[in-house]
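For reference, the structure discussed in these notes is given below.
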Protein chains: 2
Amino acid sequence: MKDGPDIARIGALMGDPARANILCALLSGKALTATELATEAGITGQTASSHLKKLMEGGLLTQAKQGRHRYFTLAGPEVGAVLEAVMGLAARKGHLRTRTGPRDPQMRAARVCYDHLAGDMAVRIFDSLQKRGFLAVSTDKGGIALTDDGAGFVSSIGIDLDTLSASRRPLCRACLDWSERRNHLAGGLGAALLTRFTDSGWLRQEPSSRIVHVSPKGEAELKKLFQV
Amino acid sequence: MKDGPDIARIGALMGDPARANILCALLSGKALTATELATEAGITGQTASSHLKKLMEGGLLTQAKQGRHRYFTLAGPEVGAVLEAVMGLAARKGHLRTRTGPRDPQMRAARVCYDHLAGDMAVRIFDSLQKRGFLAVSTDKGGIALTDDGAGFVSSIGIDLDTLSASRRPLCRACLDWSERRNHLAGGLGAALLTRFTDSGWLRQEPSSRIVHVSPKGEAELKKLFQV
DNA sequence: GCAATGCTTCGACACGGATCGAACCATGGA
DNA sequence: TCCATGGTTCGATCCGTGTCGAAGCATTGC
(Lines give C-alpha, C1' and ligand atoms only; values in the text may rest on other atoms or scores of the structure.)
Protein backbone atom coordinates (compact mmCIF):
# COMPACT_ATOMS: atom_id res chain seq x y z
CA MET A 1 0.00 0.00 0.00
CA LYS A 2 2.52 2.56 -1.12
CA ASP A 3 -0.02 4.33 -3.29
CA GLY A 4 -1.42 7.79 -2.96
CA PRO A 5 -0.10 11.01 -1.50
CA ASP A 6 2.36 11.01 1.35
CA ILE A 7 0.29 11.55 4.44
CA ALA A 8 3.26 11.11 6.77
CA ARG A 9 4.98 14.34 5.77
CA ILE A 10 1.94 16.43 6.68
CA GLY A 11 1.36 14.38 9.81
CA ALA A 12 4.92 14.83 11.01
CA LEU A 13 4.62 18.58 10.49
CA MET A 14 1.50 18.72 12.65
CA GLY A 15 2.88 16.16 15.08
CA ASP A 16 5.34 18.33 16.94
CA PRO A 17 3.76 20.27 19.81
CA ALA A 18 5.61 23.48 19.01
CA ARG A 19 4.60 23.36 15.36
CA ALA A 20 1.04 22.47 16.30
CA ASN A 21 0.90 25.56 18.48
CA ILE A 22 2.19 27.67 15.61
CA LEU A 23 -0.43 26.29 13.24
CA CYS A 24 -3.22 26.79 15.76
CA ALA A 25 -2.10 30.36 16.38
CA LEU A 26 -2.21 31.06 12.65
CA LEU A 27 -5.74 29.66 12.50
CA SER A 28 -6.73 33.07 13.83
CA GLY A 29 -6.16 34.24 10.27
CA LYS A 30 -3.77 36.97 11.32
CA ALA A 31 -0.27 37.27 9.96
CA LEU A 32 2.18 36.84 12.82
CA THR A 33 5.89 37.49 13.02
CA ALA A 34 8.45 34.84 13.83
CA THR A 35 9.02 36.11 17.37
CA GLU A 36 5.30 36.34 18.08
CA LEU A 37 4.93 32.74 17.00
CA ALA A 38 7.91 31.77 19.13
CA THR A 39 6.39 33.18 22.31
CA GLU A 40 3.03 31.71 21.30
CA ALA A 41 4.57 28.27 21.05
CA GLY A 42 6.74 28.70 24.12
CA ILE A 43 10.07 28.28 22.37
CA THR A 44 13.05 30.47 21.58
CA GLY A 45 13.50 32.32 18.36
CA GLN A 46 16.09 29.94 16.99
CA THR A 47 13.89 26.92 17.41
CA ALA A 48 10.94 28.73 15.91
CA SER A 49 13.02 29.66 12.90
CA SER A 50 13.81 26.01 12.29
CA HIS A 51 10.17 25.02 12.62
CA LEU A 52 8.97 27.78 10.36
CA LYS A 53 11.46 26.73 7.73
CA LYS A 54 10.10 23.20 7.80
CA LEU A 55 6.51 24.37 7.64
CA MET A 56 7.40 26.52 4.65
CA GLU A 57 9.11 23.64 2.87
CA GLY A 58 6.05 21.53 3.60
CA GLY A 59 3.87 24.11 1.89
CA LEU A 60 1.70 24.80 4.92
CA LEU A 61 2.82 28.39 5.42
CA THR A 62 3.52 31.46 3.35
CA GLN A 63 5.72 34.32 4.43
CA ALA A 64 5.89 37.98 3.55
CA LYS A 65 8.89 39.99 4.62
CA GLN A 66 8.08 43.52 5.61
CA GLY A 67 10.95 45.58 6.80
CA ARG A 68 12.89 43.57 9.33
CA HIS A 69 9.80 41.60 10.27
CA ARG A 70 8.75 38.39 8.62
CA TYR A 71 5.04 37.73 8.65
CA PHE A 72 3.72 34.20 8.39
CA THR A 73 0.23 33.01 7.45
CA LEU A 74 -1.34 29.69 6.61
CA ALA A 75 -0.74 28.83 2.97
CA GLY A 76 -4.46 28.96 2.21
CA PRO A 77 -8.00 28.19 3.30
CA GLU A 78 -7.60 24.51 2.53
CA VAL A 79 -4.84 24.27 5.14
CA GLY A 80 -7.13 25.81 7.71
CA ALA A 81 -9.92 23.43 6.77
CA VAL A 82 -7.71 20.39 7.26
CA LEU A 83 -6.53 21.72 10.62
CA GLU A 84 -10.13 22.15 11.75
CA ALA A 85 -10.93 18.65 10.54
CA VAL A 86 -8.05 17.15 12.50
CA MET A 87 -9.13 19.18 15.52
CA GLY A 88 -12.58 17.68 15.17
CA LEU A 89 -11.16 14.18 15.20
CA ALA A 90 -8.95 15.00 18.16
CA ALA A 91 -11.91 16.41 20.11
CA ARG A 92 -13.97 13.34 19.35
CA LYS A 93 -11.23 11.02 20.56
CA GLY A 94 -10.80 12.98 23.75
CA HIS A 95 -7.41 14.44 22.90
CA LEU A 96 -8.03 17.70 24.69
CA ARG A 97 -5.26 19.87 26.01
CA THR A 98 -4.40 19.03 29.56
CA ARG A 99 -5.43 22.48 30.70
CA THR A 100 -8.74 23.42 29.08
CA GLY A 101 -8.95 26.97 30.31
CA PRO A 102 -11.97 29.16 30.86
CA ARG A 103 -11.50 30.46 27.32
CA ASP A 104 -12.79 27.19 25.94
CA PRO A 105 -16.52 28.06 26.12
CA GLN A 106 -15.80 31.32 24.33
CA MET A 107 -14.00 29.41 21.59
CA ARG A 108 -17.04 27.21 21.14
CA ALA A 109 -19.39 30.17 20.95
CA ALA A 110 -17.66 32.06 18.14
CA ARG A 111 -14.18 31.92 16.74
CA VAL A 112 -12.26 32.55 13.55
CA CYS A 113 -11.40 29.63 11.25
CA TYR A 114 -8.55 31.15 9.21
CA ASP A 115 -10.67 33.66 7.33
CA HIS A 116 -14.28 32.90 8.17
CA LEU A 117 -16.46 32.43 11.22
CA ALA A 118 -16.75 29.14 13.14
CA GLY A 119 -18.39 27.89 16.32
CA ASP A 120 -21.96 27.85 17.53
CA MET A 121 -22.87 31.19 15.97
CA ALA A 122 -21.44 30.21 12.57
CA VAL A 123 -23.38 26.95 12.59
CA ARG A 124 -26.61 28.74 13.41
CA ILE A 125 -26.03 31.22 10.59
CA PHE A 126 -25.46 28.30 8.22
CA ASP A 127 -28.70 26.70 9.40
CA SER A 128 -30.60 29.91 8.90
CA LEU A 129 -29.31 30.31 5.34
CA GLN A 130 -30.21 26.72 4.60
CA LYS A 131 -33.70 26.82 6.09
CA ARG A 132 -34.63 29.87 4.06
CA GLY A 133 -33.61 28.13 0.84
CA PHE A 134 -30.58 30.29 0.15
CA LEU A 135 -28.22 27.33 -0.39
CA ALA A 136 -28.31 24.48 -2.90
CA VAL A 137 -26.14 21.45 -3.53
CA SER A 138 -23.82 22.21 -6.39
CA THR A 139 -21.52 20.36 -8.71
CA ASP A 140 -18.84 22.97 -8.22
CA LYS A 141 -15.73 22.48 -6.16
CA GLY A 142 -17.29 23.86 -3.04
CA GLY A 143 -20.22 21.49 -3.16
CA ILE A 144 -22.62 24.28 -2.24
CA ALA A 145 -24.01 27.15 -4.27
CA LEU A 146 -26.13 30.20 -3.66
CA THR A 147 -29.69 30.11 -4.96
CA ASP A 148 -31.09 33.20 -6.67
CA ASP A 149 -32.88 34.10 -3.45
CA GLY A 150 -29.62 33.63 -1.58
CA ALA A 151 -27.79 35.90 -3.99
CA GLY A 152 -30.39 38.56 -3.45
CA PHE A 153 -30.12 38.23 0.29
CA VAL A 154 -26.35 38.55 0.57
CA SER A 155 -26.38 41.40 -1.94
CA SER A 156 -28.89 43.18 0.27
CA ILE A 157 -26.42 42.92 3.16
CA GLY A 158 -23.86 44.70 1.07
CA ILE A 159 -21.75 41.84 -0.23
CA ASP A 160 -20.38 42.43 -3.72
CA LEU A 161 -21.07 39.12 -5.41
CA ASP A 162 -19.58 40.11 -8.75
CA THR A 163 -16.03 40.54 -7.49
CA LEU A 164 -16.38 37.45 -5.33
CA SER A 165 -17.53 35.33 -8.27
CA ALA A 166 -14.70 36.64 -10.40
CA SER A 167 -12.22 35.06 -8.01
CA ARG A 168 -11.03 31.55 -8.70
CA ARG A 169 -11.87 30.65 -5.13
CA PRO A 170 -15.12 28.70 -4.62
CA LEU A 171 -17.86 31.00 -3.39
CA CYS A 172 -19.35 28.59 -0.88
CA ARG A 173 -17.75 25.71 0.92
CA ALA A 174 -18.87 23.63 3.86
CA CYS A 175 -16.31 23.46 6.64
CA LEU A 176 -16.74 20.95 9.45
CA ASP A 177 -16.88 22.66 12.81
CA TRP A 178 -14.79 20.90 15.46
CA SER A 179 -16.83 22.07 18.41
CA GLU A 180 -20.28 21.64 16.89
CA ARG A 181 -19.55 18.69 14.60
CA ARG A 182 -21.68 20.34 11.98
CA ASN A 183 -21.06 22.49 8.95
CA HIS A 184 -20.47 26.17 8.81
CA LEU A 185 -19.98 28.37 5.76
CA ALA A 186 -16.47 28.77 4.36
CA GLY A 187 -15.26 29.85 0.93
CA GLY A 188 -15.19 33.34 -0.49
CA LEU A 189 -18.62 34.18 0.83
CA GLY A 190 -17.79 32.94 4.32
CA ALA A 191 -14.74 35.17 4.37
CA ALA A 192 -16.70 38.13 3.00
CA LEU A 193 -19.35 37.79 5.68
CA LEU A 194 -16.75 37.82 8.43
CA THR A 195 -15.10 41.00 7.14
CA ARG A 196 -18.52 42.57 6.60
CA PHE A 197 -19.58 41.91 10.20
CA THR A 198 -16.24 42.99 11.58
CA ASP A 199 -16.17 46.21 9.58
CA SER A 200 -19.63 47.05 10.88
CA GLY A 201 -18.39 46.68 14.43
CA TRP A 202 -20.73 43.77 15.10
CA LEU A 203 -17.88 41.35 15.72
CA ARG A 204 -14.46 41.93 17.24
CA GLN A 205 -11.66 39.43 17.22
CA GLU A 206 -9.73 39.14 20.46
CA PRO A 207 -6.08 40.07 19.98
CA SER A 208 -3.74 37.09 19.61
CA SER A 209 -6.58 34.61 19.82
CA ARG A 210 -9.22 33.01 17.64
CA ILE A 211 -12.02 34.12 19.96
CA VAL A 212 -14.66 36.45 18.53
CA HIS A 213 -16.77 38.78 20.68
CA VAL A 214 -20.19 40.05 19.65
CA SER A 215 -21.09 43.66 20.38
CA PRO A 216 -24.59 44.48 21.67
CA LYS A 217 -25.41 46.09 18.39
CA GLY A 218 -24.05 43.08 16.51
CA GLU A 219 -26.19 40.82 18.66
CA ALA A 220 -29.31 42.72 17.63
CA GLU A 221 -28.43 43.04 13.97
CA LEU A 222 -27.42 39.43 13.54
CA LYS A 223 -30.59 38.33 15.27
CA LYS A 224 -32.54 40.42 12.81
CA LEU A 225 -30.68 39.01 9.83
CA PHE A 226 -30.53 35.35 10.79
CA GLN A 227 -33.12 34.96 13.55
CA VAL A 228 -30.44 33.40 15.74
CA MET B 1 -2.75 29.75 21.99
CA LYS B 2 -3.13 26.63 24.06
CA ASP B 3 -6.83 26.40 23.37
CA GLY B 4 -8.75 23.77 21.50
CA PRO B 5 -8.20 20.09 20.91
CA ASP B 6 -4.72 18.64 20.79
CA ILE B 7 -3.87 18.41 17.13
CA ALA B 8 -0.31 17.25 17.80
CA ARG B 9 -1.28 13.84 19.15
CA ILE B 10 -3.17 12.97 15.97
CA GLY B 11 -0.46 14.47 13.82
CA ALA B 12 2.28 12.50 15.52
CA LEU B 13 0.30 9.30 14.99
CA MET B 14 0.02 9.98 11.27
CA GLY B 15 3.55 11.35 11.09
CA ASP B 16 5.47 8.11 11.26
CA PRO B 17 5.90 6.45 7.84
CA ALA B 18 5.15 2.98 9.18
CA ARG B 19 1.98 4.13 10.90
CA ALA B 20 0.97 6.13 7.84
CA ASN B 21 1.27 2.99 5.74
CA ILE B 22 -0.89 1.10 8.22
CA LEU B 23 -3.57 3.77 8.14
CA CYS B 24 -3.54 3.95 4.36
CA ALA B 25 -3.82 0.18 4.12
CA LEU B 26 -6.85 0.24 6.39
CA LEU B 27 -8.45 2.91 4.19
CA SER B 28 -9.37 -0.03 1.98
CA GLY B 29 -12.06 -0.68 4.56
CA LYS B 30 -10.97 -4.26 5.11
CA ALA B 31 -10.08 -5.65 8.51
CA LEU B 32 -6.44 -6.73 8.46
CA THR B 33 -4.42 -8.78 10.92
CA ALA B 34 -1.35 -7.51 12.70
CA THR B 35 1.03 -9.51 10.51
CA GLU B 36 -0.66 -8.40 7.32
CA LEU B 37 -0.25 -4.81 8.42
CA ALA B 38 3.35 -5.45 9.34
CA THR B 39 4.24 -6.71 5.85
CA GLU B 40 2.17 -3.90 4.34
CA ALA B 41 4.19 -1.33 6.25
CA GLY B 42 7.49 -3.11 5.69
CA ILE B 43 8.29 -3.67 9.36
CA THR B 44 8.59 -6.64 11.67
CA GLY B 45 5.82 -7.96 13.82
CA GLN B 46 7.22 -6.55 17.02
CA THR B 47 7.42 -3.04 15.66
CA ALA B 48 3.95 -3.28 14.20
CA SER B 49 2.59 -4.39 17.55
CA SER B 50 4.01 -1.30 19.18
CA HIS B 51 2.55 0.96 16.49
CA LEU B 52 -0.85 -0.69 16.63
CA LYS B 53 -0.94 -0.22 20.35
CA LYS B 54 -0.29 3.48 19.96
CA LEU B 55 -2.91 3.84 17.25
CA MET B 56 -5.40 2.06 19.49
CA GLU B 57 -4.62 4.35 22.42
CA GLY B 58 -5.01 7.29 20.10
CA GLY B 59 -8.50 6.12 19.20
CA LEU B 60 -7.80 5.80 15.48
CA LEU B 61 -8.17 2.01 15.34
CA THR B 62 -10.47 -0.66 16.69
CA GLN B 63 -9.53 -4.29 17.06
CA ALA B 64 -11.51 -7.51 17.09
CA LYS B 65 -9.80 -10.67 18.21
CA GLN B 66 -10.93 -13.73 16.35
CA GLY B 67 -9.21 -16.93 17.31
CA ARG B 68 -5.53 -16.28 17.43
CA HIS B 69 -5.82 -13.49 14.89
CA ARG B 70 -6.36 -9.89 15.77
CA TYR B 71 -8.19 -7.88 13.14
CA PHE B 72 -7.76 -4.13 12.98
CA THR B 73 -9.98 -1.54 11.29
CA LEU B 74 -10.20 2.21 11.29
CA ALA B 75 -12.17 3.43 14.29
CA GLY B 76 -14.90 4.86 12.09
CA PRO B 77 -15.84 6.73 8.93
CA GLU B 78 -14.74 10.04 10.41
CA VAL B 79 -11.19 8.74 10.70
CA GLY B 80 -11.22 7.77 7.04
CA ALA B 81 -12.60 11.16 6.07
CA VAL B 82 -9.80 12.98 7.88
CA LEU B 83 -7.20 10.73 6.26
CA GLU B 84 -8.62 11.53 2.83
CA ALA B 85 -8.61 15.23 3.69
CA VAL B 86 -4.96 15.12 4.72
CA MET B 87 -4.17 13.16 1.55
CA GLY B 88 -5.84 15.93 -0.43
CA LEU B 89 -3.65 18.53 1.19
CA ALA B 90 -0.55 16.42 0.65
CA ALA B 91 -1.39 15.92 -3.02
CA ARG B 92 -1.92 19.63 -3.48
CA LYS B 93 1.39 20.45 -1.88
CA GLY B 94 3.23 17.94 -4.04
CA HIS B 95 3.97 15.47 -1.29
CA LEU B 96 3.63 12.41 -3.50
CA ARG B 97 5.34 9.15 -2.75
CA THR B 98 8.72 8.98 -4.34
CA ARG B 99 7.64 6.09 -6.50
CA THR B 100 4.21 6.79 -7.98
CA GLY B 101 3.63 3.44 -9.59
CA PRO B 102 1.45 2.55 -12.56
CA ARG B 103 -1.35 1.80 -10.13
CA ASP B 104 -1.83 5.50 -9.53
CA PRO B 105 -4.19 6.13 -12.49
CA GLN B 106 -6.32 3.23 -11.35
CA MET B 107 -6.51 4.74 -7.89
CA ARG B 108 -7.73 8.00 -9.36
CA ALA B 109 -10.36 6.26 -11.47
CA ALA B 110 -12.14 4.38 -8.68
CA ARG B 111 -11.11 3.40 -5.19
CA VAL B 112 -12.55 2.65 -1.79
CA CYS B 113 -12.59 5.37 0.89
CA TYR B 114 -13.03 3.27 4.04
CA ASP B 115 -16.58 2.15 3.31
CA HIS B 116 -17.73 4.08 0.27
CA LEU B 117 -16.58 4.82 -3.26
CA ALA B 118 -14.09 7.56 -4.15
CA GLY B 119 -12.26 8.75 -7.24
CA ASP B 120 -13.40 9.97 -10.64
CA MET B 121 -16.35 7.59 -10.83
CA ALA B 122 -17.61 8.52 -7.37
CA VAL B 123 -17.43 12.22 -8.19
CA ARG B 124 -19.39 11.70 -11.41
CA ILE B 125 -22.05 9.75 -9.53
CA PHE B 126 -22.31 12.58 -7.02
CA ASP B 127 -22.68 15.09 -9.86
CA SER B 128 -25.38 13.01 -11.48
CA LEU B 129 -27.36 12.80 -8.24
CA GLN B 130 -27.03 16.52 -7.76
CA LYS B 131 -27.98 17.52 -11.30
CA ARG B 132 -31.17 15.50 -11.15
CA GLY B 133 -32.24 17.25 -7.96
CA PHE B 134 -31.82 14.24 -5.69
CA LEU B 135 -29.74 16.08 -3.09
CA ALA B 136 -30.47 19.14 -0.98
CA VAL B 137 -28.51 21.14 1.55
CA SER B 138 -29.55 20.07 5.01
CA THR B 139 -29.17 21.26 8.55
CA ASP B 140 -28.31 17.76 9.70
CA LYS B 141 -24.86 16.63 10.67
CA GLY B 142 -24.02 15.44 7.19
CA GLY B 143 -24.88 18.74 5.59
CA ILE B 144 -26.68 16.99 2.73
CA ALA B 145 -30.05 15.30 2.57
CA LEU B 146 -32.00 13.27 0.06
CA THR B 147 -34.95 14.97 -1.61
CA ASP B 148 -38.18 13.03 -2.05
CA ASP B 149 -37.23 12.33 -5.64
CA GLY B 150 -33.84 11.14 -4.45
CA ALA B 151 -35.40 8.82 -1.92
CA GLY B 152 -37.56 7.33 -4.64
CA PHE B 153 -34.55 6.85 -6.88
CA VAL B 154 -32.32 5.04 -4.41
CA SER B 155 -35.26 2.94 -3.26
CA SER B 156 -35.79 1.89 -6.87
CA ILE B 157 -32.19 0.66 -6.97
CA GLY B 158 -32.93 -1.60 -4.05
CA ILE B 159 -31.56 0.43 -1.13
CA ASP B 160 -33.53 0.00 2.08
CA LEU B 161 -33.86 3.56 3.29
CA ASP B 162 -35.83 2.67 6.42
CA THR B 163 -33.05 0.67 8.05
CA LEU B 164 -30.48 3.23 6.93
CA SER B 165 -32.44 6.11 8.42
CA ALA B 166 -32.89 4.21 11.65
CA SER B 167 -29.13 4.22 12.16
CA ARG B 168 -27.58 7.06 14.10
CA ARG B 169 -25.13 7.57 11.28
CA PRO B 170 -25.83 10.51 8.95
CA LEU B 171 -27.41 9.28 5.73
CA CYS B 172 -25.51 11.58 3.41
CA ARG B 173 -22.19 13.23 3.89
CA ALA B 174 -19.89 15.01 1.47
CA CYS B 175 -16.34 13.68 1.50
CA LEU B 176 -13.58 15.62 -0.25
CA ASP B 177 -11.89 13.52 -2.90
CA TRP B 178 -8.12 13.86 -2.83
CA SER B 179 -7.60 13.06 -6.48
CA GLU B 180 -10.49 15.06 -7.87
CA ARG B 181 -10.60 17.84 -5.28
CA ARG B 182 -14.35 17.64 -5.39
CA ASN B 183 -17.02 16.00 -3.30
CA HIS B 184 -18.21 12.46 -3.43
CA LEU B 185 -20.98 10.83 -1.44
CA ALA B 186 -20.14 9.34 1.97
CA GLY B 187 -22.32 8.51 4.95
CA GLY B 188 -24.68 5.59 5.31
CA LEU B 189 -26.01 5.94 1.80
CA GLY B 190 -22.54 6.10 0.30
CA ALA B 191 -21.63 2.89 2.07
CA ALA B 192 -24.89 1.23 1.03
CA LEU B 193 -24.33 2.09 -2.63
CA LEU B 194 -20.86 0.56 -2.57
CA THR B 195 -22.10 -2.73 -1.10
CA ARG B 196 -25.04 -2.71 -3.48
CA PHE B 197 -22.82 -2.36 -6.55
CA THR B 198 -20.30 -4.87 -5.24
CA ASP B 199 -22.96 -7.44 -4.44
CA SER B 200 -24.33 -7.10 -7.95
CA GLY B 201 -20.91 -7.87 -9.37
CA TRP B 202 -20.62 -4.44 -10.96
CA LEU B 203 -17.61 -3.49 -8.89
CA ARG B 204 -14.79 -5.61 -7.53
CA GLN B 205 -12.22 -4.44 -5.03
CA GLU B 206 -8.67 -5.51 -5.74
CA PRO B 207 -7.28 -7.70 -2.95
CA SER B 208 -5.07 -5.85 -0.47
CA SER B 209 -5.57 -2.54 -2.24
CA ARG B 210 -8.03 0.33 -2.42
CA ILE B 211 -8.39 0.00 -6.19
CA VAL B 212 -11.85 -0.83 -7.55
CA HIS B 213 -12.40 -2.49 -10.94
CA VAL B 214 -15.59 -2.11 -12.94
CA SER B 215 -16.98 -5.16 -14.73
CA PRO B 216 -18.35 -4.76 -18.30
CA LYS B 217 -21.85 -5.31 -16.99
CA GLY B 218 -21.25 -2.79 -14.22
CA GLU B 219 -20.04 -0.30 -16.78
CA ALA B 220 -23.29 -0.60 -18.70
CA GLU B 221 -25.58 -0.60 -15.67
CA LEU B 222 -23.90 2.36 -14.00
CA LYS B 223 -24.03 4.29 -17.24
CA LYS B 224 -27.74 3.57 -17.39
CA LEU B 225 -28.29 4.67 -13.81
CA PHE B 226 -26.09 7.73 -13.67
CA GLN B 227 -25.39 8.61 -17.33
CA VAL B 228 -21.68 8.55 -16.56
C1' DG C 1 28.57 55.06 10.59
C1' DC C 2 27.07 52.81 14.83
C1' DA C 3 23.92 50.60 17.72
C1' DA C 4 19.59 48.00 18.23
C1' DT C 5 16.26 44.77 16.72
C1' DG C 6 14.49 40.72 14.10
C1' DC C 7 15.73 36.59 12.31
C1' DT C 8 18.76 32.83 10.57
C1' DT C 9 22.68 29.61 10.65
C1' DC C 10 25.94 26.73 13.06
C1' DG C 11 27.29 23.58 16.54
C1' DA C 12 26.58 20.76 20.45
C1' DC C 13 23.68 18.24 23.39
C1' DA C 14 20.15 15.36 24.99
C1' DC C 15 15.88 13.17 24.80
C1' DG C 16 12.48 10.46 22.50
C1' DG C 17 11.15 6.92 19.93
C1' DA C 18 11.54 3.61 16.03
C1' DT C 19 13.61 -0.70 15.30
C1' DC C 20 14.73 -5.52 15.92
C1' DG C 21 16.36 -9.94 18.55
C1' DA C 22 14.97 -12.89 21.97
C1' DA C 23 12.00 -14.52 25.19
C1' DC C 24 7.33 -14.91 26.62
C1' DC C 25 1.84 -15.69 26.47
C1' DA C 26 -2.37 -17.34 23.88
C1' DT C 27 -4.90 -20.03 20.83
C1' DG C 28 -5.79 -23.96 17.71
C1' DG C 29 -4.71 -28.35 15.89
C1' DA C 30 -2.71 -33.07 16.06
C1' DT D 1 0.07 -33.35 25.88
C1' DC D 2 2.96 -31.29 22.57
C1' DC D 3 3.87 -28.43 18.79
C1' DA D 4 3.02 -24.62 15.50
C1' DT D 5 1.44 -20.07 14.69
C1' DG D 6 0.00 -15.32 15.78
C1' DG D 7 1.03 -11.47 18.95
C1' DT D 8 2.98 -9.20 22.74
C1' DT D 9 6.55 -7.70 26.04
C1' DC D 10 11.26 -6.66 27.30
C1' DG D 11 15.76 -4.92 26.58
C1' DA D 12 19.30 -2.84 23.91
C1' DT D 13 20.66 -0.05 20.17
C1' DC D 14 20.78 3.80 17.39
C1' DC D 15 19.19 7.34 14.54
C1' DG D 16 16.47 11.48 14.14
C1' DT D 17 15.32 15.69 15.70
C1' DG D 18 13.89 19.22 18.98
C1' DT D 19 16.30 22.44 21.81
C1' DC D 20 19.16 26.31 22.97
C1' DG D 21 23.75 29.23 23.19
C1' DA D 22 26.59 31.85 20.40
C1' DA D 23 27.72 33.94 16.33
C1' DG D 24 26.40 35.91 11.92
C1' DC D 25 23.31 38.77 8.43
C1' DA D 26 19.87 42.08 7.39
C1' DT D 27 17.25 46.15 8.19
C1' DT D 28 15.86 50.14 10.63
C1' DG D 29 16.68 54.24 13.39
C1' DC D 30 19.62 57.61 15.47
Below 4.0 Å: OP1/OP2 of [N] and any side-chain N or O of [X]:
{"X": "B/H69", "N": "C/dA26", "result": "no"}
{"X": "B/R19", "N": "C/dA18", "result": "yes"}
{"X": "A/T44", "N": "D/dC20", "result": "yes"}

[N] [atom2] sits how many Å from [X] [atom1], rounded?
{"X": "A/R9", "N": "D/dG16", "atom1": "CZ", "atom2": "P", "result": "16 Å"}
{"X": "B/L55", "N": "D/dG7", "atom1": "CG", "atom2": "C1'", "result": "16 Å"}
{"X": "B/Q63", "N": "D/dG7", "atom1": "CD", "atom2": "C1'", "result": "11 Å"}
{"X": "B/R68", "N": "C/dG29", "atom1": "CZ", "atom2": "P", "result": "7 Å"}
{"X": "A/L61", "N": "C/dC7", "atom1": "CG", "atom2": "P", "result": "14 Å"}
{"X": "B/H51", "N": "C/dG17", "atom1": "NE2", "atom2": "P", "result": "12 Å"}
{"X": "B/D16", "N": "C/dT19", "atom1": "CG", "atom2": "P", "result": "5 Å"}
{"X": "A/I43", "N": "D/dT17", "atom1": "CD1", "atom2": "C1'", "result": "13 Å"}

### Query
Run the salt bridge (charged side-chain N to carboxylate O under 4.0 Å, His left out) check on B/R173 and B/E78 step by step: do they pass?
CA-CA 10 Å; B/R173 266 189 46 75; B/E78 72 276 12; over 6 Å; no
### Query
Counting side-chain heavy atoms from CB outward, which of C/dT8, C/dT19, D/dG7 is closest to B/S50?
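Of the candidates, C/dT19 comes closest.
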### Message
On DNA chain D, does the nearest nucleotide to A/T47 precede the nearest nucleotide to A/Q66 from the 5' side, or the other way round? Give the residue.
### Response
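Final value for this comparison: A/T47.
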### Message
Students often mix this up, so state it plainly: with edges at 30° and 60°, are the rings of A/H184 and A/H116 parallel, tilted or perpendicular?
### Response
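If you compare the ring of A/H184 with that of A/H116, the planes turn out tilted.
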### Message
Check this for me: does the side-chain of B/Q46 come within 3.5 Å of the base of C/dG21 through a donor and an acceptor?
### Response
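Counting by modelled atom types and ignoring angles, a donor-acceptor contact under 3.5 Å is found here.
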### Task
Of all the heavy-atom pairs spanning A/I7 and B/C24, show the shortest one and how long it is.
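Heavy-atom minimum between the residues: CG2-SG, 3.9 Å.
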### Task
Mind listing the closest non-hydrogen atom pair of A/L74 and A/Y114 along with its distance?
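Smallest interatomic distance, heavy atoms only, reads O-OH, 3.4 Å.
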What is the nucleic acid contact for [X], judged by heavy atoms within less than 4.0 Å: base, sugar-phosphate only, or nothing?
{"X": "A/A18", "value": "sugar-phosphate"}
{"X": "B/T35", "value": "sugar-phosphate"}
{"X": "B/K54", "value": "sugar-phosphate"}

### Task
Quick one: do B/Q106 and B/E206 satisfy side-chain contact (heavy atoms from CB on, under 4.5 Å)? Show the steps, please.
CA-CA 11 Å; B/Q106 297 180 48; B/E206 200 171 273; 4.0 Å; yes
